[in-house]
Amino acid sequence: KMYTTNELEKYITAQIESKLGSVDWTNVNFTEGNKNSVEGTYIFSKDNAYHILFAEKGKIRDEKVTTDEKKIIYSVLDIVSFDIAMKFAISNREKHKDFRRKLFEKEVEIYSLFGDDFEKNKKREIEEILEENPYKDI
């Protein structure tokens, strides 16, 4: 059974806050978005699928369509966990070490709370980033 947009919001919010506590939802809109929407991410249920749409400067920059709630959770985590990981990295900065080491460490820790698949996907994403832009320790 597909959730309505309202049910989806309650489900996603509960899943994330049960593991992370209160998070900043400012950049996540559980309402239908389009190219004329205020800049941000829109998550909604329509035509028997879930939509994750990113609007910016009067254009739709990205839109994913899925029937899998886990994919929605993952996308929302990408948004709400970044601030948490960034604050952790800033307050745990190590001299002469690439700042991203702590950032990525915290991201992996956050994603692992949501299961092995989440953790593996995040680690793969980080590996891809590091292949392009390796750590720069001094």
Side-chain angles (χ1 to χ4, degrees):
K1 177 199 168 304
M2 297 288 297
Y3 290 111
T4 64
T5 300
N6 200 14
E7 290 167 337
L8 184 64
E9 176 177 13
K10 287 185 176 118
Y11 173 75
I12 299 295
T13 306
Q15 289 294 308
I16 289 180
E17 293 196 341
S18 70
K19 294 176 179 68
L20 298 181
S22 174
V23 297
D24 180 0
W25 293 99
T26 313
N27 298 317
V28 184
N29 304 289
F30 287 95
T31 179
E32 192 170 331
N34 59 53
K35 66 182 193 324
N36 299 316
S37 298
V38 173
E39 203 163 290
T41 301
Y42 293 82
I43 296 169
F44 54 96
S45 182
K46 183 181 177 182
D47 303 328
N48 287 318
Y50 302 125
H51 298 255
I52 308 161
L53 181 143
F54 181 68
E56 183 184 55
K57 298 187 176 102
K59 290 195 172 92
I60 294 171
R61 298 286 180 201
D62 188 34
E63 183 170 16
K64 293 183 195 111
V65 180
T66 182
T67 54
D68 184 356
E69 288 95 9
K70 279 190 158 125
K71 287 202 169 87
I72 302 290
I73 292 173
Y74 198 92
S75 291
V76 172
L77 257 189
D78 278 341
I79 300 166
V80 301
S81 71
F82 188 74
D83 278 348
I84 298 167
M86 186 57 88
K87 284 181 183 130
F88 176 83
I90 289 167
S91 56
N92 293 279
R93 185 178 278 166
E94 289 179 285
K95 275 193 172 125
H96 312 301
K97 292 263 175 101
D98 191 311
F99 175 77
R100 296 173 303 159
R101 285 186 187 276
K102 288 294 182 186
L103 180 75
F104 292 156
E105 177 190 314
K106 188 64 173 180
E107 282 189 324
V108 168
E109 182 188 309
I110 290 168
Y111 281 72
S112 72
L113 298 171
F114 293 84
D116 289 346
D117 289 349
F118 277 65
E119 184 178 357
K120 282 185 193 121
N121 282 342
K122 183 44 78 175
K123 282 181 172 169
R124 192 175 327 111
E125 282 176 19
I126 291 168
E127 280 165 21
E128 286 168 13
I129 291 168
L130 292 173
E131 275 173 29
E132 298 265 320
N133 301 290
Y135 287 128
K136 290 183 179 78
D137 296 324
I138 302 159

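This one's a predicted model, so the numbers in the text were calculated from it and none came from an experiment.
Residue Leu53 holds its CG atom at 10.5 Å from NZ of Lys64, rounded to the nearest 0.5 Å. In this structure, Gln15 CD and Leu20 CG are separated by 11.0 Å, a value rounded to the nearest 0.5 Å. Considering CE of Met2 and CG of Asp47, their distance stands at 9.5 Å, rounded to 0.5 Å.
Residues Glu69 and Tyr11 approach most closely at CB-CE2, 3.7 Å, considering heavy atoms. The shortest non-hydrogen separation linking Ala55 to Ser37 is CB-O, 4.2 Å. Heavy atoms only, all atoms of each residue included: Tyr3 and Ser45 are closest at O-OG, 2.7 Å. Across Lys106 and Phe88, no two heavy atoms sit closer than the pair CB-CD2, 3.5 Å.
The shortest distance between side-chain heavy atoms of Ile43 and Leu8 falls below 4.5 Å. Between Ile73 and Ile12, some side-chain heavy-atom pair lies under the 4.5 Å cut-off. When side chains are defined from C-beta on, Trp25 counts as touching Phe30, because their heavy atoms get closer than 4.5 Å. Within the 4.5 Å cutoff, side-chain heavy atoms of Ile52 are placed close to those of Ile72. Between Phe118 and Ser112 the shortest side-chain heavy-atom distance does not fall below 4.5 Å. You'll find the side chain of Ile90 reaches within 4.5 Å of the side chain of Phe99, heavy atoms only. At a threshold of 4.5 Å between non-hydrogen side-chain atoms, the residues Arg101 and Asp137 count as touching. You'll find the side chain of Val23 reaches within 4.5 Å of the side chain of Ile16, heavy atoms only.
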Run Lys102 and Glu94 through side-chain contact (heavy atoms from CB on, under 4.5 Å) and show every step you take. CA-CA 8 Å; Lys102 288 294 182 186; Glu94 289 179 285; 3.3 Å; yes

* What's the verdict on salt bridge (charged side-chain N to carboxylate O under 4.0 Å, His left out) for Arg124 and Glu128, showing C-alpha distance, side-chain angles and the deciding distance? -> CA-CA 6 Å; Arg124 192 175 327 111; Glu128 286 168 13; 5.6 Å; no

- [ ] Test Lys10 against Glu7 for salt bridge (charged side-chain N to carboxylate O under 4.0 Å, His left out), laying out the working first.
- [x] CA-CA 5 Å; Lys10 287 185 176 118; Glu7 290 167 337; over 6 Å; no

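At a threshold of 4.5 Å between side-chain heavy atoms, the hydrophobic network of Ile, Leu, Val, Met, Phe, Trp and Tyr places Ile129 and Val108 in one connected group.
Ring geometry for Tyr135 against Phe104 counts as tilted: the plane angle lies between 30° and 60°, on a 0 to 90° scale.
Lys1 NZ: more than 12 foreign heavy atoms inside a 6.0 Å radius. In Asn48, the CG atom is not crowded: 12 or fewer heavy atoms of neighbouring residues, nucleotides or ligands sit closer than 6.0 Å.
Using a cut-off of 4.0 Å between Lys/Arg side-chain N and Asp/Glu carboxylate O, Glu119 and Lys123 are scored as salt-bridged. Look at Glu39 and Lys57 and you find no salt bridge, because none of the NZ, NE, NH1 or NH2 atoms lies under 4.0 Å from a carboxylate O.
Residue pairs meeting the ring pair (Phe, Tyr, Trp, His ring centres under 6.0 Å) criterion with at least one member in residues 45-68, sequence neighbours excluded: Phe44-His51.
Remark: side-chain polar atoms of Asn29 are paired, donor with acceptor, to backbone N or O of Thr41 under 3.5 angstrom. Using a distance-only test at 3.5 Å, with no hydrogens or angles considered, a donor-acceptor pair links the side chain of Asp98 to the main chain of Arg100.
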What pairs of donor and acceptor atoms, side-chain ones from residues 74-86 against any protein atom, are under 3.5 angstrom apart with sequence neighbours left out?
residue	atom	partner	partner atom	Å
Tyr74	OH	Lys122	N	3.2
Tyr74	OH	Glu125	OE2	3.0
Ser75	OG	Lys71	O	3.2
Asp78	OD1	Tyr111	OH	2.5
Ser81	OG	Leu77	O	2.6

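In this structure, Asn34 has no side-chain hydrogen bond (donor to acceptor under 3.5 Å, both in side chains) partners at least two apart in sequence or on a different chain.
Side-chain contact check for Asn6 and Thr4: no donor-acceptor pair (N or O, by modelled atom type) lies under 3.5 Å.
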